[in-house]
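Because the structure is predicted, anything quoted here is derived from the model rather than measured.
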Amino acid sequence: MKKEYWLERWEREDTGFHQEEINPYLREYWHELHLAKNSEVFVPLCGKSRDMLWLRDQGSSVLGVELSAHAAEAFFLETGQTPRHSPGESFDRWEANGITILCGNFFNVTKDDLRNVNGVYD
């Protein structure tokens with residue numbers, strides 16, 4: 001699929017894949033990773049998933065990657081946070097309260113972007 005497809009779906013709010021509730025399997029099995037507090041968790045194709053809030057509330061910092069700026073803005077707006085926004089070469093960066101969303105093409109993620117990652121949730 002082309003990126004335009006996903007961008008248009010976010011713009012139209014045609015996001016039947018988005019879930020309002022925290023994933024019950026995340027709650028049940030996350031502790032199996034035995035991550036230390038303050039570990040960074042990578043959430044690829046994060047959309048506006050509330051699972052990022054849950055991960056942050058477990059003591060992790062969260063690094064998401066999302067193609068749609070609309071989704072990134074909606075995440076922070078809907079969760080009552082005011083992010084710092086800084087444009088970049090490969091990604092625009094949205095950050096607030098232990099959650100960072102890199103807005104851009106997932107395939108542009110580099111090992112430097114992931115250098116502090118200790119766990120992945122998808």
Side-chain angles (χ1 to χ4, degrees):
M1 287 186 191
K2 297 185 183 246
K3 71 179 186 176
E4 290 77 16
Y5 171 81
W6 293 109
L7 293 171
E8 287 173 13
R9 284 197 63 177
W10 278 107
E11 288 298 319
R12 291 191 321 261
E13 296 185 15
D14 179 13
T15 56
F17 49 83
H18 174 71
Q19 299 190 6
E20 292 294 326
E21 301 298 321
I22 306 303
N23 185 310
Y25 296 112
L26 173 62
R27 290 180 193 260
E28 185 173 350
Y29 295 109
W30 185 252
H31 71 279
E32 298 287 331
L33 289 180
H34 302 288
L35 292 179
K37 293 283 185 196
N38 300 318
S39 292
E40 186 169 79
V41 177
F42 178 51
V43 183
L45 311 174
C46 64
K48 58 178 188 173
S49 173
R50 293 186 177 273
D51 294 342
M52 292 187 287
L53 292 172
W54 188 88
L55 290 165
R56 193 245 356 248
D57 291 346
Q58 305 314 298
S60 297
S61 61
V62 177
L63 175 66
V65 172
E66 173 53 47
L67 179 63
S68 169
H70 183 81
E73 287 179 274
F75 170 78
F76 289 109
L77 180 66
E78 291 173 14
T79 60
Q81 301 178 76
T82 304
R84 290 178 305 284
H85 175 238
S86 52
E89 203 168 301
S90 294
F91 295 100
D92 285 354
R93 186 177 193 94
W94 302 74
E95 295 180 85
N97 304 316
I99 298 175
T100 301
I101 298 178
L102 301 178
C103 194
N105 189 326
F106 169 81
F107 293 107
N108 290 335
V109 173
T110 67
K111 66 181 180 179
D112 285 339
D113 294 321
L114 304 176
R115 69 183 166 276
N116 297 320
V117 169
N118 304 102
V120 177
Y121 171 68
D122 184 31

Checklist entry - With hydrophobic residues grouped by side-chain heavy-atom distances under 4.5 Å, do Leu67 and Phe107 end up in a single group? => result no

Checklist entry - How many angstroms lie between NZ in Lys48 and CG in Leu77, if you round to the nearest 0.5 Å? => result 9.5 Å

Checklist entry - So does Glu32 have more than 12 non-hydrogen atoms from other groups sitting under 6.0 Å from CD? => result yes

Checklist entry - About how many Å separate CE of Met52 and CD1 of Ile99, when rounded to the nearest 0.5 Å? => result 6.0 Å

Item to check | Partner of Val43 under side chain to side chain contact (heavy atoms under 4.5 Å, CB included), chosen from Val65, Leu63, Leu55, Asp122 | outcome: Leu55

Checklist entry - Side-chain heavy atoms under 4.5 angstrom apart, residues restricted to Ile, Leu, Val, Met, Phe, Trp, Tyr: same cluster for Leu45 and Phe42? => result yes

Next on the checklist: What's the separation between atom NE2 in His85 and atom CD in Glu95, rounded to the nearest 0.5 Å?
Outcome noted: 10.5 Å

Next on the checklist: Can you tell me how far apart NZ (Lys37) and OG (Ser61) are? Round to the nearest 0.5 Å.
Outcome noted: 12.5 Å

Item to check | Atom CD of Glu4 with >12 non-hydrogen neighbours under 6.0 angstrom | outcome: yes

Item to check | Worked verdict on Asn97 versus Gln81 for side-chain hydrogen bond (donor to acceptor under 3.5 Å, both in side chains) | outcome: CA-CA 8 Å; Asn97 304 316; Gln81 301 178 76; 3.0 Å; yes

Checklist entry - What about Trp6 and Ile101, same hydrophobic cluster or not, with Ile/Leu/Val/Met/Phe/Trp/Tyr joined at side-chain heavy-atom distances under 4.5 Å? => result no

Checklist entry - Is it the case that one hydrophobic cluster holds both Val117 and Val41, taking links as side-chain heavy atoms less than 4.5 Å apart, direct or via other members? => result no

